[in-house]
Enquirer: 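Right, I'll just put the structure down here and ask away after.
In listed order, ligands and their atoms are each counted from 1. Keep in mind that this is a model prediction, so the values were computed, not measured. All residue numbers refer to positions in the sequence shown, counting from 1.
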Amino acid sequence: MKGPQMKLARSLVFVPFALLLAIRVVSGEDPAAKLRADADGLALTPPMGWYPWNEFGQEPQNEALIKETADALVRSGMKDAGYAYLGPDEGICFSREASGKLTSNLARYPSGLRGLGDYIHARGLKYALYTDAGTRTCSKAMPGTKGHEFEDMKAFAEWRADYVKIDWCNTEGQNPKQAYTRLRDAQLAAGRPIVFSLCSWGQGEPWKWAAAVGHLWRTTADICGPGKASWSMAMQNAAANEKLYAAAGPGHWNDPDMLITGMSGLGEAQNRSFFSLWCMMASPLIAGNDLRNMTASTIEILTNREAIGIDQDPLGIEGRIVRKDGEAEIWAGKRLFDGSQAVLVFNPASAPAPVEVTAGDVGFEKSVPLYVRDLWKHQTSGPLAGSIRVTVAPNDVAMLRVSKTDSFPLAPIIVADSYRVAFQAAANKSQKLIEPITVRNNGSSALPLWNVRAGLPAWLSVTVGQSGNAQTFSNKVSAAGLAKGHYHALVRADNREPLSGLPMSALYYDVDLEVE
Ligand code: GLA
């Protein structure tokens, strides 16, 4: 009865959408390849969260930093805006025993890596860990997975990781596609659905094959050295990533690296522009700054739900530069789930740029009256005929949403109060125990009820009820007839975004039962 109880088989109702995606993804390479996310339903919008590397490097990555950051993420409003995945990067968190098994570094992480995961799950956040496809991680401080893929992925599953970033240092001639495919197989064998983040910095051109292997892949070199945000490197990464727009979509994302928003070295306009560019590229939004010490401006940028809505749009289209006006870039090609279009005018120059965006730039006919929402000023104007005029300050952006109507709905933002419930029951007593998990939708439309996957163990049943924008999963446990011991189930629930009908990322949480 131990281990995840869910089945990965797709239900029939998802098939047409899967086919559509598969056709899009494999247009270059392997026609047999299927999206990894077809089976696990993970990361159907770009993952959002936090990793320590950009700000901290290796020091001080430890349990206190990760826990304080988890608390800061909740307190700052970032959790309510959709950020969920966090954990140590190359944070010296495990070593390998002589037997080959990975063990937690208890000096740095006294609760152990499973204990740290429980802390994160208890706050309604998702647990991210890090490793490497080679023999050692980049600084050589931790073992890599080479030759230990299956036992390492089992350890990550036992620690209850929901996301694993796999780096590409010390790979000594390994082939990226083969190495990452083996790691994918090892993750699947370990039985815990997990977001798989490939980090080969574009080596092996993962945009051509990795949609069948993982959920996101780095397209570029590191955006900065620890603690040193670099505007010019950010611009290089954006330029390289933009060219790959056709490879991105639900469950398979280009990753131009973690955010530098809020790190020292960037002014307010640069922070806003950087965040807008990453949203426009449907990039993973993995913050890299110190969440415990943020200015009001950084919080406002990182939690702008209207900008995040562009990134998290259910259609998952990566925007691109459709035209330049002098140095100013007009980014478009990003239709959104309600039929509106996202537009970004970015001015990288040192003088203000007056720019006219035409209806044609954004895919509308000239004669159609348009409403324009400014996603930083939070103002709607219109109806306008023919074109939109903006003047953009140096290094700044105008981020707009253009629509035929004056309503600008927000796609669902799913926020859970916890991702784990734990029960204790006495053996040989027919106790019935109930523990809820509540999941809110901070988007603007009402969601249908979450649909819990069949295949739960006999000791667990789950029903879902709705009240306003919250849905409560009632987890009912009956320990009658169970022997003493530990029992575990992973509950999966699926849903559809009501306006587009597209599947939403699957929701998973752990249920533990201790029979004593
Ligand atoms: C690589 C990755 C970074 C970070 C470091 C850790 O450089 O690209 O994001 O994980 O390794 O050493």
Side-chain angles (χ1 to χ4, degrees), residues 46-62 65-66 69 85-96 102 105 108-109 113 127-146 152 156 161 163-172 174 176 179-180 183 194-207 210 213-230 233-234 236-238 240-241 244 253-263 265 274 278 281 283-291:
M48 295 174 68
W50 176 87
Y51 258 131
W53 187 259
N54 282 0
E55 179 70 39
F56 296 103
Q58 245 164 29
E59 302 294 345
Q61 283 197 51
N62 55 32
L65 175 72
I66 306 298
T69 302
Y85 294 96
L86 90 164
D89 191 282
E90 193 188 4
I92 320 190
C93 38
F94 51 77
S95 56
R96 194 179 300 290
L102 292 184
N105 176 352
R108 277 191 187 237
Y109 302 87
L113 290 180
Y127 191 25
L129 285 171
Y130 163 96
T131 187
D132 190 282
T135 49
R136 301 292 296 175
T137 55
C138 296
S139 73
K140 305 208 166 146
M142 293 162 71
T145 52
K146 182 154 190 287
D152 286 7
F156 283 107
Y163 181 113
V164 179
K165 167 178 168 183
I166 306 189
D167 219 336
W168 191 246
C169 284
N170 303 305
T171 42
E172 295 153 18
Q174 285 171 247
Y180 281 118
L183 284 156
I194 219 163
V195 176
F196 184 173
S197 161
L198 290 82
C199 183
S200 71
W201 325 298
Q203 285 187 33
E205 303 186 316
W207 46 89
V213 173
H215 305 87
L216 62 155
W217 50 82
R218 283 276 299 277
T219 53
T220 62
D222 285 5
I223 199 159
C224 63
K228 297 189 191 102
S230 157
M233 291 194 25
Q236 276 176 35
N237 280 14
N241 194 66
L244 303 170
W253 308 105
N254 290 318
D255 176 6
D257 205 358
M258 301 172 285
L259 308 182
I260 53 172
T261 313
M263 289 174 64
F274 177 90
W278 260 235
M281 293 190 292
S283 305
L285 297 179
I286 307 291
N289 58 316
D290 184 351
L291 304 191

Enquirer: For atom 11 (O) of ligand 1, what's the nearest protein heavy-atom neighbour? Residue, atom name and distance, please.
Expert: D167 OD2, 2.6 Å

Enquirer: Does the N or O separation between S139 and ligand 1 drop below 3.5 Å for any pair?
Expert: no

Enquirer: Between F156 and F94, is the gap from one ring center to the other below 6.0 Å?
Expert: yes

Enquirer: Report the part of Q58 in contact with ligand 1, treating N, CA, C, O as backbone and CB onward as side chain, heavy atoms under 4.0 Å; options are side chain, backbone, both, neither.
Expert: neither

Enquirer: Can you measure from CG (D152) to CG (L102) and round to the nearest 0.5 angstrom?
Expert: 4.0 Å

Enquirer: Which atoms of ligand 1 are found less than 4.0 Å from any heavy atom of W53?
Expert: 3 (C), 4 (C), 5 (C), 6 (C), 12 (O)

Enquirer: Taking the non-hydrogen atoms of Y130, is any one of them nearer than 4.0 angstrom to ligand 1?
Expert: yes

Enquirer: With heavy-atom distances below 4.0 Å as the criterion, list the atoms of ligand 1 near R218.
Expert: 8 (O), 9 (O)

Enquirer: Return the orientation label for the Y163 and Y85 ring planes: parallel under 30°, perpendicular over 60°, tilted otherwise.
Expert: tilted

Enquirer: Any chance you could lay out the side chain to side chain contact (heavy atoms under 4.5 Å, CB included) test for D132 and C138, step after step, and finish with the verdict?
Expert: CA-CA 8 Å; D132 190 282; C138 296; 4.3 Å; yes

Enquirer: Could you identify the single nearest non-hydrogen protein atom to atom 10 (O) of ligand 1 and state the distance to 0.1 Å?
Expert: D89 OD1, 2.7 Å

Enquirer: So if I count the atoms of ligand 1 from 1 in the order they appear, which ones are less than 4.0 Å from some heavy atom of C199?
Expert: 2 (C), 8 (O)

Enquirer: Closest non-hydrogen protein atom to atom 6 (C) of ligand 1, residue and atom name please, with distance?
Expert: E90 OE1, 3.3 Å

Enquirer: Should N54 and I223 count as side-chain neighbours, where that means a heavy-atom distance under 4.5 Å?
Expert: yes

Enquirer: If we only count N/O pairs under 3.5 Å, is K165 in contact with ligand 1?
Expert: yes

Enquirer: Below 4.0 Å from ligand 1: does a non-hydrogen atom of D222 turn up there or not?
Expert: yes

Enquirer: Is it true that R136 and E90 make a salt bridge, defined as a side-chain N closer than 4.0 Å to a carboxylate O?
Expert: no

Enquirer: Less than 4.5 Å apart, side chain to side chain, heavy atoms only: is that true for P47 and H215?
Expert: no

Enquirer: Determine, using heavy atoms of W201 and all atoms of ligand 1, whether some pair is separated by less than 4.0 Å.
Expert: yes

Enquirer: Nearest 0.5 Å, what's the CD1-OH distance between I66 and Y127?
Expert: 8.5 Å

